[in-house]
Amino acid sequence: MPTPRENLIRTARRQGFDWVPIDLLLCDSQARSFRGRFGHEDYFDWFGVDFRWVELKENPGFRNPRDLYPRESLPESTEFDVLGIGHSKGSEAAFHMTRMHHPLAGANSAEEIVRYPMPDVRRQENQSLFDQVASLHHRGLAAMCMMQMTIWEAAWYLRSMEDLLMDMMTEDEKATILFDKILDYQIHRAALHAQAGVDILSLGDDVGMQTGPMMSVELWETWIKPRLKKVIQTARNINPEILIFYHSCGDATLFIEGLIDCGVDILNPIQPECMDFNAVHAEFGQRISFWGTLGTQQLMPFGTPAEVREIALERIRTCGSKGGLILGPTHLVEPEVPFENLVAMKEATLELYPRY
Amino acid sequence: MNPEELLSRIAKCVERGKVNKSSPYPPDMKEQDGADELTAQALELGIPADEVLRSGLVPGMEIVGVKFRENKVFVPEVLMAAKAMSSGMKHLKPFFQSGAVKRKGVFIIGTVMGDLHDIGKNLLGMIVEGAGWEVVDLGIDVPATKFMAAIDQYPGAFVGLSCLLTTTMLNMEKIVHEIKAGRPETKILVGGAPVTDDFRNRIGADWYSPDPQGAVDFLNNQVA
């Protein structure tokens with residue numbers, strides 16, 4: 001019997017599988033209710049997830065993040081990520097969601113973008129990353145790292161969508177400077193992850209919307225694709241075996257060919273409300289694998305367990321004996337998803353391929 | 001240039017996102033006058049401001065709305081068109097203030113309480129504004145009370161509610177009920193990724209559209 005890591009990697013390469021891997025991410029209230037049910041929050045273990053997330057340590061390039069916002073007065077509740085992007089609380093009804101603040105929104109000079117402090121990523125401070133990966137491999141689990149918001153979204157969150165798109169459309173040097181700064185940062189991170197032996201590099205930028213692409217393929221190919229490709233090549237040059245996972249919300253169909261060209265192995269999440277999974281599988285299923293596919297807009301919150309089972313079985317059958325499917329809800333499992341639907345997903349994977 | 005030609009060039013500038021002469025976008029219109037200069041010229045020529053709006057700026061944005069629905073243009077092109085539109089609109093400001101030009105009506109928009117997403121709502125705002133409506137954007141995470149206060153401030157206004165999450169669809173339903181209970185004459189449009197016409201029907205809202213231009217069509221029909 002293969003280890004979970006071996007099983008996950010084999011199916012991601014469409015070389016067969018012993019069981020269908022599952023992935024899911026519970027929101028806080030779902031995790032709490034899981035704990036209420038089972039007395040612990042290790043739902044990855046309960047669902048039999050074949051990988052674990054590993055974390056890179058990096059230091060912010062700023063001392064006081066509020067100094068990064070000369071044009072905006074931020075709410076008291078604002079917290080900052082390592083890039084200096086602000087996240088403030090919404091109303092109580094917003095639960096875990098936060099409102100984003102863009103430090104470079106409204107910046108008029110290229111100089112301000114040049115000066116913007118990026119995080120510091122160092123090998124010598126990251127022994128723990130290497131240790132985490134080694135420990136997971138020892139347990140037979142795959143190691144996956146989070147590098148989503150890779151190029152486009154990182155730039156958008158720093159600069160704001162409106163300013164960034166204006167820069168791109170008018171070929172303003174501010175866009176080039178910002179994208180290149182981000183590229184440099186991501187190359188460092190990708191290299192370190194690859195050196196540490198991470199199995200799956202999780203990249204992503206939302207380029208799809210509900211009914212079509214967010215931008216033209218041409219604009220994506222001009223600004224984003226070449227930089228994404230460099231990040232992937234950096235990791236591959238260090239570890240040719242590393243698997244590249246790529247996330248985009250919405251309808252990303254028109255970008256798949258370009259993503260394959262960049263070296264992406266696995267596409268996530270294939271929202272069935274936006275993309276026709278069977279058509280995408282028929283066209284690209286020989287060259288890319290799929291992660292997700294169970295919709296969180298309709299099926300998971302509003303479907304019955306029988307419906308979840310039916311769709312899950314259909315996905316597994318569509319992908320066939322070579323695999324190329326990691327099944328899971330397309331997005332964070334929100335509070336209104338019945339737990340029975342998650343169980344139905346798990347049981348459907350075991351129905352066709354029991355796991356001993 | 002005769003007035004007809006001028007108006008059609010204004011429409012073309014909005015459609016293509018040509019803001020002003022110094023804007024390098026779109027590349028094939030470099031060095032040409034944009035919506036900014038051409039709108040000023042049209043007014044100098046004595047074309048009534050109302051006609052500049054209805055036969056120049058608005059038709060340009062309408063084409064963008066239709067192309068966006070058909071996936072022929074995307075967010076960046078809509079944004080550039082909206083920039084071009086507003087560069088022309090700034091010349092019309094005195095005419096709006098004097099009452100010489102009137103908008104078709106007021107459209108109050110907001111993302112419902114609990115939801116902090118705004119891309120779809122902002123696109124809707126740009127396209128509806130470009131269709132000649134006054135858009136009052138209440139922002140994100142908006143409670144029913146704020147919508148009600150805006151309705152009282154703009155009597156006869158239409159209301160557009162947006163959400164992205166299934167969790168906040170429940171809040172959309174509550175807000176629709178509160179508005180309908182307190183201000184029953186108000187017409188409410190709903191939209192956002194998880195929203196469907198069936199859901200619209202169940203919660204008692206008046207119109208659903210999967211794209212901004214569908215909202216424009218509904219609004220225009222209401223005042224036709």
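Below, chains carry the letters A, B, ... as their sequence lines are ordered, and counting in each starts from 1. Only heavy atoms go into these numbers, but all of them, side chains included; no hydrogens, no water, no symmetry mates.
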Enquirer: Around atom NZ of A/K89, are there more than 12 heavy atoms from other residues, nucleotides or ligands closer than 6.0 Å?
Expert: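 No, not enclosed.
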Enquirer: At a 4.5 Å cut-off on heavy atoms, which part of A/P301 comes close to chain B: side chain, backbone, both, or neither?
Expert: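 For A/P301, side-chain heavy atoms alone lie under 4.5 Å from chain B.
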Enquirer: For B/P24, is it the side chain, the backbone, both, or neither that has a heavy atom closer than 4.5 Å to a heavy atom of chain A?
Expert: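 Answer is side chain: those atoms of B/P24 sit under 4.5 Å from chain A.
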Enquirer: Quick check: are there more than 12 heavy atoms from other residues, nucleotides or ligands sitting under 6.0 Å from NZ of B/K174?
Expert: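 No, the 6.0 Å shell around NZ holds no more than 12 heavy atoms from other groups.
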Enquirer: Step by step, work out the side chain to side chain contact (heavy atoms under 4.5 Å, CB included) result for A/L219 and B/F74.
Expert: CA-CA 10 Å; A/L219 193 69; B/F74 307 101; over 6 Å; no
Enquirer: How long is the gap from CG on B/L79 to CG on A/D163, to the nearest 0.5 Å?
Expert: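 Reported to 0.5 Å precision, the distance equals 9.0 Å.
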Enquirer: For residues 127-145 of chain B, give me every residue with a non-hydrogen atom less than 4.5 Å from any non-hydrogen atom of chain A.
Expert: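 The list, in residue order, reads B/I140, B/D141.
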Enquirer: At a heavy-atom separation under 4.5 Å, does A/L164 approach chain B through its side chain, its backbone, both, or neither?
Expert: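 Neither part, no heavy atoms under 4.5 Å.
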Enquirer: I need the residue from B/V78, B/V19, B/V75, B/D118 with the largest number of non-hydrogen atom pairs under 4.5 Å to chain A.
Expert: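 Answer, by heavy-atom pair count under 4.5 Å with chain A: B/V75.
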Enquirer: Drop me the distance from B/M80's CE to A/T170's OG1, to the nearest 0.5 angstrom.
Expert: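 Answer rounded to 0.5 Å: 6.0 Å.
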Enquirer: Other residues, nucleotides and ligands only: do more than 12 of their heavy atoms fall within 6.0 Å of CD on A/E221?
Expert: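 Counting neighbours around CD of A/E221, more than 12 heavy atoms of other residues, nucleotides or ligands fall under 6.0 Å, so yes.
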Enquirer: Take a 6.0 Å sphere around CD of A/E111 and say whether it holds more than 12 heavy atoms from other residues, nucleotides or ligands.
Expert: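 Yes, CD of A/E111 has more than 12 neighbouring heavy atoms, counting only those of other groups under 6.0 Å.
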Enquirer: So with a 6.0 Å cut-off around NZ of B/K93, is the heavy-atom count from everything else above 12?
Expert: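 Atom NZ in B/K93 is not packed in, count stays at 12 or less.
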Enquirer: Look only at the side chain of B/D115 and the backbone of A/A94, and say whether a donor-acceptor pair between them is shorter than 3.5 Å.
Expert: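 Pair absent, no side-chain N/O of B/D115 close to backbone of A/A94.
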Enquirer: Where is the tightest heavy-atom contact between B/G114 and A/S91, given as atom of each residue plus distance?
Expert: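 Of all heavy-atom pairs spanning B/G114 and A/S91, the closest is N-OG, 3.9 Å.
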Enquirer: How many angstroms lie between OG1 in A/T211 and CD in B/E70, if you round to the nearest 0.5 Å?
Expert: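 Nearest 0.5 Å value for the OG1-CD distance: 12.0 Å.
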Enquirer: Would you mind telling me which of A/Q298, A/M100, A/Q297 has the largest number of heavy-atom pairs within less than 4.5 Å of chain B?
Expert: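 Most pairs with chain B among the choices: A/Q297.
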Enquirer: So which residue, A/R99, A/M161, A/M169, ends up with the most heavy-atom pairs under 4.5 Å with chain B?
Expert: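 With the most close heavy-atom pairs to chain B, the winner is A/M169.
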Enquirer: Which bit of A/M168 is near chain B, if near means a heavy-atom gap under 4.5 Å: side chain, backbone, both or neither?
Expert: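 Looking at A/M168, nothing touches chain B.
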Enquirer: Kindly check if the number of other-residue, nucleotide or ligand heavy atoms within 6.0 Å of NZ (A/K225) is above 12?
Expert: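 Buried by this count: over 12 neighbours within 6.0 Å.
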Enquirer: For A/E334 and B/T166, run side-chain hydrogen bond (donor to acceptor under 3.5 Å, both in side chains): C-alpha distance rounded to whole Å, both residues' side-chain angles, the deciding distance at 0.1 Å, then the answer.
Expert: CA-CA 8 Å; A/E334 299 280 353; B/T166 49; over 6 Å; no
Enquirer: Name the member of B/K83, B/M113, B/E77, B/R69 that forms the most heavy-atom pairs with chain A at distances under 4.5 Å.
Expert: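 Option with the greatest count: B/K83.
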Enquirer: How long is the straight-line distance from CG of B/L164 back to SG of A/C249, given to the nearest 0.5 Å?
Expert: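 Nearest 0.5 Å value for the SG-CG distance: 8.0 Å.
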Enquirer: Hey, which of A/Q210, A/Q271, A/E92 has the most heavy atom pairs under 4.5 Å with chain B?
Expert: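 Between A/Q210, A/Q271, A/E92, the count favours A/Q210.
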Enquirer: Just give me the residue among A/H331, A/M166, A/E273 that pairs up with chain B most often, heavy atom to heavy atom, under 4.5 Å.
Expert: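 Between A/H331, A/M166, A/E273, the count favours A/M166.
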Enquirer: How many angstroms lie between atom CG of B/L116 and atom CE of A/M97, to the nearest 0.5 angstrom?
Expert: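 These two atoms lie 6.0 Å from each other.
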